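Letters go in sequence order (proteins before strands), and every chain restarts at 1. A quick note: this is a predicted structure, and the numbers were derived from the prediction, not measured.
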Number of protein chains: 2
Amino acid sequence: MAVSERGPRERMVFSAAQLIRRDGVASTGMREVAAHAGAPRGSLQHYFPGGKEQLVNEAVGWAGRYAGNRVARFLAALPEPTPSGLFAQMVRQWTDEYETSGFAGGCPVAAATVDCAEATVSTREAAAAAFATWTGPVAGALADMGVPEERAGALATLMISTLEGAILIARAERDVRALTTVTRELGPLLDAAVRAD
Amino acid sequence: MAVSERGPRERMVFSAAQLIRRDGVASTGMREVAAHAGAPRGSLQHYFPGGKEQLVNEAVGWAGRYAGNRVARFLAALPEPTPSGLFAQMVRQWTDEYETSGFAGGCPVAAATVDCAEATVSTREAAAAAFATWTGPVAGALADMGVPEERAGALATLMISTLEGAILIARAERDVRALTTVTRELGPLLDAAVRAD
DNA sequence: CGATCGCTATGACCGCTGTCATAGTAGGCG
DNA sequence: CGCCTACTATGACAGCGGTCATAGCGATCG
């Protein structure tokens, strides 16, 4: 992959996110992360003195920033930006992955929430922050499309909620059906919010 | 709780679901399940010769049936059944729990999916089955309300996707905001499907 | 009584996990 | 050269996980 050009620290965070996505937090071992990143095991305690908790939190933060940054790219890919178009792009990223690479992974933020929300406060906070840095750009994009300010945030939450749930169902069923269904059903509602400006 | 009247086997399945909901599958130990159920440790290998995998699968199945059965009760509680009313009830179950008992637990089916989808096929199938036994009654209820057959299933998937995602976000944020938001935003769309019969 | 069967009780085993301790290497810099 | 810092390399450890083996209880039934 192209990321192997980055430093070992960054590679480990990236690998952690990838493994958490697949197996969940608890089932992902530190040694496994190092091996997957092609990094020496000794570097773990050097770069992440806070232990697994720190590594997981950074992986979650990375995932949140990644999702947030994708939004701008999705908008750029749309000939004319519409809420339904943005949502379709967000969902499409997942259907594409599932159809080409299989249903191995879900959302790492969701995995961290499920596994750590009650046990590890800092990770729960990291997950909340990740959702925030994801929701922000989406809400901003909606506002730019003409959605009233206060509804933009609500619709962004709705979009991400629906996407996360559909990812879960798709992964359980090993079928993109849920993903395609929610794009089709939610699109009209999202676009209707623009006309009501 | 009232369930302590049931047999030890059933109690263990119930306890498993409860602990999985809280900490995820991997972080939930067999010994912990037995202790929580007030059941002897030796009974685990007696009632669940298939080991943890069997216990988890049964817990997931139980959760699916539970969710499916709730639908009928939700409908009975509605003066006049509407899609938005049903959805509001489904969400309300979670806001009520979170406001009175805290944000300790999520959906056990979601937890099983995140933790086991890639590692344990039988559990992934159990999760898919659970989603199916949950979606079925919801779709049926929508159809009874006048939603066209083919859209009823799609809307049921949309409702459950959105709910699952909102649960995740609410738990991460320790705030019911996401849950209340999705009810408010999704309600009108759901009711619009009835008028288009 | 004796036997059988459902269930309980424990203890041991092995593998794996996160973490720590300690020692080693490489490279820049005075 | 010597030194210091950044990073790497291993090995050990303590804990916990699921699972198996074996033995014990208790009641029902022949």
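Here the side chain of B/Lys52 is nearest to one of D/dG18, C/dG18, D/dC20, namely D/dG18. Comparing atom distances between the B/His46 side chain and each of D/dT10, C/dT8, C/dT17 picks out C/dT8 as nearest. Closest approach to the A/Tyr47 side chain among C/dT19, D/dG18, D/dC7 is made by D/dC7 (side chain taken as heavy atoms from C-beta onward). The side chain of A/Arg31 lies closest to D/dA12, out of D/dA12, C/dT22, D/dG18. The B/Pro40 side chain lies nearest to C/dT8 when the options are D/dT19, C/dT8, C/dT22. Between C/dT8, D/dT19, C/dT19, one nucleotide has an atom nearer to the side chain of B/Pro8 than all others, and that is C/dT8.
Atom CD in B/Gln45 sits about 11 Å away from atom C1' in C/dT10, given to the nearest Å. When rounded to the nearest whole Å, the span between CE of B/Met12 and P of C/dC7 equals 10 Å. Going from atom CD of A/Glu10 over to atom P of D/dC7 covers 14 Å, rounded to whole Å. Rounded to an integer number of Å, the gap from B/Ile20 CD1 to D/dG17 C1' is 15 Å. Atoms CG (A/Asp23) and P (C/dT17) sit 11 Å apart, rounded to a whole Å. In this structure, the CG atom of A/Leu19 is 12 Å from the P atom of C/dT17, given to the nearest Å. Distance, B/Leu44 CG to C/dA9 C1': 12 Å, rounded to whole Å. The nearest whole Å value for the distance from the CD atom in B/Glu53 to the C1' atom in D/dG17 is 16 Å.
In summary, B/Glu97 and B/Arg92 do not engage in a salt bridge, as defined by a charged side-chain N under 4.0 Å from a carboxylate O. Here B/Glu185 pairs with A/Arg151 in a salt bridge; the nearest charged N to carboxylate O distance falls below 4.0 Å. Comment: B/Arg9 engages B/Glu58 in a salt bridge, judged by a side-chain N to carboxylate O separation of less than 4.0 angstrom.
Under 3.5 Å, the side chain of B/Arg41 and the base of C/dG11 form at least one donor-acceptor pair of N or O atoms.
Residue A/Ala39 is the one, among A/Ala39 and B/Gly51, whose nearest nucleotide of DNA chain D lies closer to the 5' end (criterion: closest heavy atom).
Residues B/Thr123 and B/Glu53 have side chains that never bring a donor and an acceptor to within less than 3.5 angstrom of each other.
Two residues are said to be in side-chain contact when any heavy atoms from C-beta on lie closer than 4.5 Å; A/Thr82 and A/Val194 fail this criterion.
Residue A/Thr28 is in sugar-phosphate contact alone, with no base atom involved, counting any heavy-atom pair closer than 4.0 Å across all strands shown.
OP1 or OP2 of D/dT8 sits under 4.0 Å from a side-chain N or O of A/Ser43.
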